[in-house]
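Some notes on the structure that comes next.
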Amino acid sequence: MEGELSTLVVVFLIAFIAMEAAFVQSAKSSYPPPPASTPDSYTCPATVDGRCSNVPIICPPECPLRKPTRNKKDKGCYIDCTTCEATCKFRKANCDGYGSVCYDPRFVGGDGVMFYFHGATGSDFALVTDDEFQINAHFIGTRPQGRTRDFTWIQALSVMFDNHNLVLAAKRVAKWDDKVDSLIVRWDGEQVEIPADGEAEWGITVDGDKKVIVERTAETNTVRVTITGLVEMDVRVTPIGDEENRVHKYQIPSDDVFAHLETQFKFKNLSHSVDGVLGQTYQPGYVSPVKVGVAMPMMGGEEHFKTPSLLSPLCIQCRFKGKTTKSEIAAISMVV
């Protein structure tokens, strides 16, 4: 009798546990699913050639956000205003896209035309100059024996607006290691560290509502910079590799890999009078003077866009009239 009672108790307990589990599962299933993220969208700006002008593009379900929550791990929505499509990609500069500056330096303008602008070793030039901001670039380079011009690359960029400046620069590196961060970021003359964990970003709000955000889009050497209402920049530090050095006959020295920046710009609210090496290509009705179809179409005008320093707003064609009140010397010494 006692054995039968024990068996009944065990059976009852098993039945009770099964009913409880079913109830919990039913309760969970009755909850509504979490709301799906509203996909980001973007309307392509008007362009000279009319391609994708004012076309709204919505991000796909596979990557609904242009800035994913796990920004170093997940692909973001990449909106291409040359094809009017949105695709999923890890966020980095597209060296064949509008507003890109890569290699020695090769530009793709706002008109879609590719050109080279070599500048000069150790000199600074205004890439974009407008009423509200200016972007300068510092050029490094080398001239092998027997050549009549320098091979050059962009080692640093400065974004000046109001009385602020943001500088991004590649460190001088003797031996390249992808796992070592070779990017320097300075805000108003002071070096800032971009966190590697969490949201992996640094930011500041200035002048009431203008946000400046620098976020890592890879573990090292790759960031996205956003300045509200002005510009978005994908920036990557990269070296001259052995094979690249051999093929192009750069003859770079053994103690310097000429680390430089590959960048793609997306501008907001440019005026019709925007100027600069790259900026001029965003003017309405702009007609490129370069020879399209040749291997290296060259853009001249160095004398019009040369500035006294990385943080100077002064050049013949410069439009920006802002004041740089922070330590210019610290930023300049960083890149020479």
Side-chain angles (χ1 to χ4, degrees), residues 99-111 113-143 147-161 163-170 172 186 189 230-231 233 235 258 260-263 265 267 270-271 273-283 286 288-291 296-336:
S100 61
V101 185
C102 301
Y103 316 129
D104 53 346
R106 192 193 77 168
F107 293 70
V108 179
D111 56 353
V113 175
M114 182 271 287
F115 64 90
Y116 287 82
F117 177 87
H118 290 301
T121 299
S123 296
D124 304 276
F125 296 88
L127 299 189
V128 182
T129 177
D130 207 358
D131 298 333
E132 300 297 325
F133 73 107
Q134 183 162 314
I135 299 175
N136 287 354
H138 180 77
F139 285 61
I140 56 173
T142 182
R143 182 180 296 188
R147 288 193 59 86
T148 58
R149 70 162 182 85
D150 298 341
F151 288 118
T152 55
W153 300 270
I154 290 177
Q155 190 230 355
L157 295 168
S158 69
V159 184
M160 298 170 282
F161 64 97
N163 65 335
H164 302 289
N165 64 77
L166 177 71
V167 173
L168 298 100
R172 188 181 186 278
R186 286 182 183 262
L230 295 180
V231 66
M233 305 158 51
V235 182
F258 278 79
H260 57 281
L261 304 181
E262 292 183 346
T263 308
F265 300 96
F267 302 107
L270 291 175
S271 78
S273 300
V274 62
D275 216 322
V277 178
L278 177 64
Q280 62 186 335
T281 67
Y282 287 82
Q283 295 173 0
Y286 176 78
S288 179
V290 304
K291 295 181 180 179
M296 293 187 68
M298 301 297 299
M299 177 75 75
E302 284 90 345
E303 68 280 8
H304 296 294
F305 305 120
K306 192 176 189 301
T307 64
S309 70
L310 180 65
L311 292 178
S312 173
L314 303 177
C315 72
I316 293 175
Q317 295 293 104
C318 286
R319 299 184 53 80
F320 178 63
K321 305 300 181 185
K323 298 178 180 179
T324 300
T325 60
K326 301 295 181 180
S327 176
E328 181 174 347
I329 295 177
I332 296 171
S333 64
M334 173 186 64
V335 299
V336 296

Sequence neighbours excluded, which residues qualify as salt bridge (Lys or Arg N to Asp or Glu O under 4.0 Å) partners of D104?
none
Would you call P105 and W153 a side-chain contact if the rule is heavy atoms closer than 4.5 Å?
no
Residue pair Q280, M299: steps toward the side-chain contact (heavy atoms from CB on, under 4.5 Å) verdict:
CA-CA 11 Å; Q280 62 186 335; M299 177 75 75; 3.7 Å; yes
Parallel, tilted or perpendicular, judged at 30° and 60°: which one describes the rings of F107 and F117?
perpendicular
CD1 of I135 to CG of N165: how many Å apart, nearest 0.5 Å?
12.5 Å
Looking only at atom types and distance, does a side-chain atom of D124 sit under 3.5 Å from a main-chain N or O of N136, one as donor and one as acceptor?
no
Run the side-chain contact (heavy atoms from CB on, under 4.5 Å) check on E302 and F125 step by step: do they pass?
CA-CA 8 Å; E302 284 90 345; F125 296 88; 3.9 Å; yes
Using side-chain heavy atoms (C-beta onward) and a distance below 4.5 Å, is T121 in contact with T152?
yes
Rounded distance [0.5 Å steps], CE in M114 versus OG in S100:
10.0 Å
In terms of heavy-atom contacts, P313 and C318 come closest through O-CB, 3.1 Å
Between CZ on residue F133 and CZ on residue R319, distance to nearest 0.5 Å:
12.0 Å
I want to check something: taking the side chain as every heavy atom from C-beta on, are L168 and M233 in contact at a cut-off of under 4.5 Å?
yes
In the structure I gave you, are the side-chain heavy atoms of Y116 and V290 within less than 4.5 Å of one another anywhere?
no
Any idea which heavy atoms bring S312 and P308 closest together, and the distance?
OG-CD, 3.2 Å
Give me the atom names and distance for the closest heavy-atom approach of C315 to H304.
SG-O, 3.5 Å
Got a donor-acceptor contact below 3.5 angstrom from the T129 side chain to the F320 backbone?
yes
Under 3.5 Å, is there a donor-acceptor pair between the side chain of D111 and the main chain of T281?
no
To the nearest 0.5 Å, what is the distance between CG on L127 and CG on L278?
6.5 Å
Considering only heavy atoms from C-beta outward, does the side chain of D131 approach that of S273 to under 4.5 Å?
no
Rounded to the nearest 0.5 Å, how far does CD of Q155 lie from CZ of R172?
10.0 Å
CG-CE distance between L311 and M160, expressed to the nearest 0.5 angstrom:
6.0 Å
Are side-chain N/O atoms of S271 and D130 paired as donor and acceptor at under 3.5 Å?
yes
Are the side chain of E262 and the backbone of Y103 linked by a donor-acceptor contact shorter than 3.5 Å?
no
For R147, what residues pass the salt bridge (Lys or Arg N to Asp or Glu O under 4.0 Å) criterion, not counting sequence neighbours?
none
Parallel, tilted or perpendicular for F265 and F267, by the 30°/60° rule?
parallel
Option passing side-chain contact (heavy atoms from CB on, under 4.5 Å) with V101 (candidates I154, V235, V277):
I154
